2 protein chains.
Amino acid sequence: MQVPGSAFAENKNVRSILEFIARRELQPGQRLPSERELVKLLGTGRNSLREAMKVLEAMGILDIRHGSGIFLRKAGFQPGQDAAIWLVVHKNEICNALTVREALDLRAIDLIPPRDYPAVERRLQETLDALEGVAPVGEALLDHDLEFHNIIRRASGNELLLNICVALTGNLYDERRVLFGRKDRVELSLREHAQIARAFGQGDAALVKQAYAAHLASTRASIEAVYPIPDANH
Amino acid sequence: MQVPGSAFAENKNVRSILEFIARRELQPGQRLPSERELVKLLGTGRNSLREAMKVLEAMGILDIRHGSGIFLRKAGFQPGQDAAIWLVVHKNEICNALTVREALDLRAIDLIPPRDYPAVERRLQETLDALEGVAPVGEALLDHDLEFHNIIRRASGNELLLNICVALTGNLYDERRVLFGRKDRVELSLREHAQIARAFGQGDAALVKQAYAAHLASTRASIEAVYPIPDANH
DNA sequence: CGGCAAAAGTGATCCTACCAATTTTTCTCC
DNA sequence: GGAGAAAAATTGGTAGGATCACTTTTGCCG
């Protein structure tokens, strides 16, 4: 866990670079002028410019490639309007990350309008079917699992919720790898996924939530079995 | 919304600073050696060092104060083990931010052990009492409101949940300012806060949750009245 | 046309010098 | 001796130049 403070757009140079990108309407993938040119265009020193560049690189907004140039990775961040959250999640807070993800995942279900259930069921079934012919190996399973849950998160219509869950899942990388290396756990997960998809097909909101809650509980139990929580919430 | 991507610890200089902090076992609030000294200690140039410093400052790990020094804000971040999550919340996603915050706030209540209810009630009452003598002006009210909810989030024992909620609240700065400028809304909020505190005092979990849910719903209604949601979730 | 080497362009690092804000020390005056 | 102001020292902030390392482009040669 830890901190944030979206206090970042305080940096004058960072802001001026973002404004430059917005003014030129640069698109993702496009190259920015070279450092030596930008220095003239923005009227700043090369050091200050580079410091700001490094911050934007760490944020994932810029992609700096030695020898070839600086490229825009993500477009249109507005320092004045938008907010940036930088969370530092400590490894010994697996339990907290799990709890947050569960809370958001369960809420996502409530947000899905019942009329979308058939479409959700179809998409869920597709990812399950795609896994049929494939040998159940680590990477493919990790991808399937993430995509399965993302379908539901996306159906909630809340992209922020989706992004937070994805970020937290990325934080649980090691744990998930270990989990999906166990044959019994994999089979259980797939059975539970199928059950969730079926519940969507039946159009029963209560059943969906129950099946999803059961899957979350079972997942948590498996993780805690492998990684005993040193200091549980209470 | 936008992206996560915790890819950051790639930076060699950032890592060496973090390792330095870990090696010296520096605690939050402590001062690091001056830039010119660190340059000698880490065997790097001042520019490269500063670039890394700026990244860590943007992440909220360091606090750089012109003229006085560089201070550690958050301790012990381990590049290999821990994860940094960067979220960008767009301004046109007020509705999504509200939804996420509500989901986490409600979950926080479930996480509070009933035996802690009396302590929570006492702390909530203190912030309410502190507001008594004071003229109900904007800033003081914003602070009270944030602290009131943070007491509950803190009581959940989940610091990650607390941090996300705080960040999202910061993102709703404008909306909250407008809201707390309205006398009727302020009085309603304070009444609801008092009711929540009372529910904790009575030790009734269901009552607490009901009162809290009512407060969240009422707050959302007020915000939506002022800022009509262009594209509601559903 | 293809391949290879040179040249140009770009970011990476280091250095020096100086500016700006803060803290500490020193000195003056009462 | 104490208080306050001035001076000095410390610290981060900015600028620019020189050079290294990597990539892309150019152009020569076969």
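No experiment lies behind these values; they were computed from the predicted model shown. Scope of the values below: all heavy atoms of this structure, side chains included, with no hydrogens, waters or symmetry mates. Within every chain, numbering begins at 1; the chains are lettered A, B, ... in the order of the sequence lines, protein sequences first and strands thereafter.
Side-chain N/O atoms of R101(A) and T169(A) include a donor and acceptor closer than 3.5 Å. R123(B) and T127(B) are not linked by any side-chain donor-acceptor pair at a separation below 3.5 angstrom, with hydrogens and angles left out of the test.
Between R31(B) and dT11(D) there is a side-chain polar atom (N or O) within less than 4.0 angstrom of OP1 or OP2. Note on K54(B): a side-chain N or O is less than 4.0 Å away from OP1 or OP2 of dG13(D). Dashed line: the shortest gap from a side-chain N or O of S48(A) to OP1 or OP2 of dA15(D) is under 4.0 Å.
When distances run from any side-chain atom of K12(A) to the nucleotides dG11(C), dT14(D), dG12(D), the shortest one goes to dT14(D). Closest contact between the side chain of E51(A) and the listed nucleotides dG11(C), dT14(D), dT13(C) involves dT14(D).
In this structure, CG of L62(B) is placed 11 Å from P of dG13(D), rounded to the nearest angstrom. In this structure, R50(A) atom CZ and dG17(D) atom P are separated by 16 Å, rounded to whole Å. In this structure, the CD1 atom of I70(A) is 7 Å from the P atom of dA12(C), given to the nearest Å. One interatomic measurement links the two molecules: CG of N11(A) to P of dG12(D), which rounds to 17 Å at whole-angstrom precision. In this entry the distance linking CD of E35(A) with C1' of dG17(D) reads 14 Å, nearest Å. In this structure, I64(A) atom CD1 and dT10(C) atom P are separated by 15 Å, rounded to whole Å. Separating the CZ atom of F71(B) from the P atom of dT22(C) is a distance of 12 Å, rounded to the nearest angstrom. When rounded to the nearest whole Å, the span between NZ of K40(A) and C1' of dG17(D) equals 14 Å.
When each of N150(A), L160(A), D105(A) is paired with C165(A), the side chain to side chain contact (heavy atoms under 4.5 Å, CB included) condition holds for D105(A) and for no other.
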Polar atom pairs (N or O), protein with nucleotides 19-26 of chain D, under 3.5 Å:
| from | atom 1 | to | atom 2 | distance (Å) |
| --- | --- | --- | --- | --- |
| dA21(D) | N3 | H66(A) | NE2 | 3.0 |

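Distance alone, capped at 3.5 Å, places no donor-acceptor pair between the R107(A) side chain and the T99(B) backbone. A donor-acceptor pair under 3.5 Å is absent between the side-chain atoms of R46(B) and the main chain of V39(B), judged by distance alone. Between the side chain of S156(B) and the main chain of I152(B), no donor-acceptor pair closer than 3.5 Å is present.
In terms of polar N and O atoms assigned as donor or acceptor, the side chain of N47(A) never comes within less than 3.5 Å of the base of dG13(D) in a complementary pairing.
Ring orientation note: the planes of F148(A) and H193(A) are close to parallel, at an angle under 30° on the 30°/60° scale. Taking the six-membered ring where tryptophan is involved, the planes of H215(B) and Y212(B) are perpendicular, since the angle between them exceeds 60° and thus also 30°.
Each end of the helix from dC1(C)-dG30(D) to dC30(C)-dG1(D) yields a helix axis from five base pairs, and these two axes differ in direction by 10° (to the nearest 10 degrees).
With respect to E147(B) and R154(B), a salt bridge is recorded, a charged nitrogen being found less than 4.0 Å from a carboxylate O.
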